[in-house]
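One structure is given below, encoded as structure tokens.
In this chain, residues are counted from 1 in sequence order.
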Amino acid sequence: LVELLVTIAVAAILITLAIPSFRVFIQNSRIATQTNDLIADISFARSEAVKSGATAALCTSTAGLACDGGGNWSAGRLVWTDTNSNNALDAGEIRRYREPLAGNNTLNITPATDPFTFNSRGAPAGAVAGATITFGVCDDRGVASGRDVIINPLGQTRASGPPATQCP
């Protein structure tokens with residue numbers, strides 16, 4: 001019985017020390033995954049724009065059926081190609097839907113824009129043409145643990161951080 005109690009006490013101490021580290025591991029993995037998903041969506045939109053010769057865009061979306069996220073990039077996003085060049089999302093143009101960010105994480109964009117579009121040459125178009133765009137992927141730990149995804153005026157994408165510059 002004494003041996004069992006000592007074993008339980010040692011196990012309890014080890015679990016108490018391991019749980020905080022495991023939480024940080026999960027948070028870091030979540031941010032890395034969300035950053036990689038964002039880069040994949042941006043790259044996909046850019047390649048679709050170049051491949052199709054039409055504008056391709058990412059927009060905020062709450063359910064994956066319309067660009068109805070109101071600029072809240074954490075709510076979910078759509079990747080679509082404007083195949084008929086009417087500057088609006090139509091049936092059959094949706095290429096990919098990404099659900100809202102898990103873990104109460106946030107996704108911010110500077111300069112603020114929704115939708116974010118690429119022209120047929122793969123460069124940012126519309127209101128952000130010629131600008132450097134930065135997406136910030138953040139969690140409740142703030143700037144120190146966040147990551148930035150930076151898109152230059154030519155449309156090339158890179159990740160940086162931590163720390164992030166775009167966390168609230």
Side chain to side chain, N84 and D82, heavy atoms closer than 4.5 Å: yes
In the structure I gave you, are the side-chain heavy atoms of S160 and R147 within less than 4.5 Å of one another anywhere? no
Exercise: identify the closest heavy-atom pair between A75 and P100: O-CG, 3.0 Å
Give a yes or no on whether a salt bridge exists between D139 and R30, defined as a side-chain N under 4.0 angstrom from a carboxylate O. no
Would T134 and D148 count as having a side-chain donor-acceptor pair, cut-off 3.5 Å? no
Here the pair of heavy atoms bringing D68 nearest to S61 is OD1-CA, 3.4 Å
Any side-chain heavy-atom pair from L78 and L58 closer than 4.5 angstrom? no
With a 4.5 Å cut-off on side-chain heavy-atom distances among I, L, V, M, F, W and Y, is there a chain of contacts connecting L38 to V128? yes
Is the closest side-chain heavy-atom distance between I39 and S43 below 4.5 Å? yes
Minimum side-chain heavy-atom gap R121-V50 below 4.5 Å: no
Is a donor on one side and an acceptor on the other found under 3.5 Å between the side chain of N86 and the backbone of A88? yes
Would E93 and T83 count as having a side-chain donor-acceptor pair, cut-off 3.5 Å? yes
Donor-acceptor under 3.5 Å (Y97 side chain, V79 main chain): no
Please determine whether residues F44 and I109 belong to a single hydrophobic cluster, defined as Ile, Leu, Val, Met, Phe, Trp and Tyr linked transitively by side-chain heavy-atom distances below 4.5 Å. yes
As an exercise, state the distance from CD1 of I150 to CD of Q156, rounded to the nearest 0.5 Å. 12.5 Å
Using the six-membered ring wherever Trp is involved, compare the ring planes of F116 and F118 and label them parallel, tilted or perpendicular (cut-offs 30° and 60°). perpendicular
Closest non-hydrogen atom pair, G126 against T117: N-OG1, 4.0 Å
To the nearest 0.5 Å, what is the distance between OG1 on T157 and CG on N152? 7.5 Å
Distance check, rounded to the nearest 0.5 Å: E99 atom CD versus D37 atom CG? 11.0 Å
T81 vs T55, test: side-chain contact (heavy atoms from CB on, under 4.5 Å). Steps then yes/no. CA-CA 6 Å; T81 305; T55 300; over 6 Å; no
Would you mind reporting whether S21 and F25 have side-chain heavy atoms less than 4.5 Å apart? no
Output yes when D140 and R23 qualify as a salt bridge under the 4.0 Å nitrogen-oxygen rule, no when they do not. yes
Gap separating the CD1 atom of I31 from the CG atom of N105, nearest 0.5 angstrom: 5.5 Å
Heavy atoms of W80 and C59 approach each other most closely as NE1-SG, 3.5 Å
Polar contact flag, side-chain donor to acceptor under 3.5 angstrom, T60-D114: yes
Hey, are the side chains of L107 and R77 touching, using non-hydrogen atoms and a 4.5 Å cut-off? yes
At what distance, to the nearest 0.5 angstrom, does OG of S120 lie from CD of E48? 13.5 Å
Taking atom types as modelled and ignoring hydrogens, do the side chains of R46 and N119 form a donor-acceptor contact shorter than 3.5 angstrom? no
If you take all heavy atoms of G130 and P153, which pair is closest and at what distance? O-CG, 3.7 Å
L101 side chain reached by T106 side chain, heavy atoms, under 4.5 Å: no
To the nearest 0.5 Å, what is the distance between OG1 (T110) and CZ (F135)? 9.5 Å
